[in-house]
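Let me begin by presenting the structure, written as structure tokens, before commenting on it.
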Amino acid sequence: MEIKSIESFVLTNTLDESFFFSQWEYATRQICLVKVTASDGTVGWGEGYGPATVVKSGVDFLAQFIVGMNPLETDAVWSVMYRRTLDYARRGILVSAISAIDVALWDVKGKILGQPVHRLLGGKKRTEIHPYATGLYFSRCPDLAKKLAAEAQTYAEAGYTAMKMKVGLTPEADLRQVQAVREAIGPDVRLMIDANHAYNLTEATALCRQLEPLDIAWFEEPVSPEQYGHYAELRQRTSIPIAGGECEYMRYGFQHLFAGNCVDIAQPDICSTGGLTEARKIADLAMVYGVDVVPHTWGTNIAISAAINLAATLDKVPGRMYMPQQMIELDRTENALRDEVTKLRYTVDKGVIAVTDEPGLGVEVDEELIKKYVL
Ligand code: MG
């Protein structure tokens, strides 16, 4: 069995309505999908998180070194890709390219062996995953707090027991909007906030003090991912759990977050942090440090399924008879590339995803629609 070919596609979709967060505005969605074909004709799909055209360049660069290798030997293939990029890109977009190929290889491996990826990772430890709804972005409207409160209600009515909203405009606006959302969803729905590293330590501390009475399940990327010490200091200053890691790469990067006591919740993005091969190792490292793992996702159903399959296998620390729910992130913002091009054979019912045993990642990809979205 050999890897016969690796193809990459940049898909672009212009949004009906743009939205923004603390750093920039989204008017389009773009993703690099990767198709790996094995010598027996089996096809697997992956995707990279990050600027799609750059991810594509990385995938096309890496392909020459791994075509001809055995697609079942995911760790061996990963090592070749890592060695070929280490001297130039210990972190960043080339790791996203590795991730995209790696995820596709796990899909290929599962289909060849007729097994779901979670079983190949060691077996599922739960049959249900609890996705939290990600949405509640900023938009230009006369009363944003009111609009966010109404959006939050739609997630609660759909059965989501947890959701995440953006903060990071100004502390004053954050307080107003978080209060409005908390009021709209009541006390029983978990509410997380995400600043995308908009604040310095002083601002983040002050905001935490104001938001602590609102029962915030975690504060994500409160400060710059470069400031490990500020993460650790903020953890000491507030009772709100601190989350981060979507800008972190491989176990070598996460080691800094863990050893520095920076986070309560680690959020590796499987499609940028090194693929399923590396995310499994990051989860093991998190366990060593007693840190919870809730995968970050921002992409198509390929990324979502990779997160479900990993999340099904994760250990909780410490173990106990009645385990806490395992969450993954489920982006609910407009994304035709997710909803049209890829079909997840998993469904979300009353805020719960049942883990099934589809071979590979269990995602169908419409190649005709890929042509529509490739510019
Ligand atoms: Mg985030």
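Order of appearance sets the numbers: ligands from 1, and atoms from 1 within every ligand. Positions are given from 1, in the same order as the sequence printed here.
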If I consider every N, O or S atom in Glu246, which one ends up closest to the Mg ion (ligand 1)? I only need its name.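 Looking at Glu246, the N, O or S atom with the least distance to the Mg ion (ligand 1) is OE1.
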
Which atom, counting only N, O or S, brings Asp194 closest to the Mg ion (ligand 1)?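 For Asp194, the N, O or S atom at the smallest distance from the Mg ion (ligand 1) is OD2.
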
State, to 0.1 Å, how close Met287 and Val317 come at their nearest heavy-atom pair, and which atoms those are.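 Closest heavy-atom pair between Met287 and Val317: CG-CG2, 3.3 Å.
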
Centre of Trp78's six-membered ring, under 6.0 Å away, within 45 degrees of the axis: is that where NZ or CZ of Arg251 sits?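 Checked: cation-pi criterion met.
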
I'd like to know if the Mg ion (ligand 1) has an N/O/S atom from Glu220 within less than 2.8 Å of it, counting both backbone and side-chain atoms.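 An N, O or S atom of Glu220 is closer than 2.8 Å to the Mg ion (ligand 1), so yes.
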
Glu340 and Tyr373 side chains, donor-acceptor separation under 3.5 Å: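 A pair is found: one side chain offers a donor N or O, the other an acceptor, under 3.5 Å apart.
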
Checking side chain to side chain contact (heavy atoms under 4.5 Å, CB included) between Tyr49 and each of Ile93, Asp269, Ile31, Ile270, which is the one that passes?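 Single pass found, and it is Asp269.
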
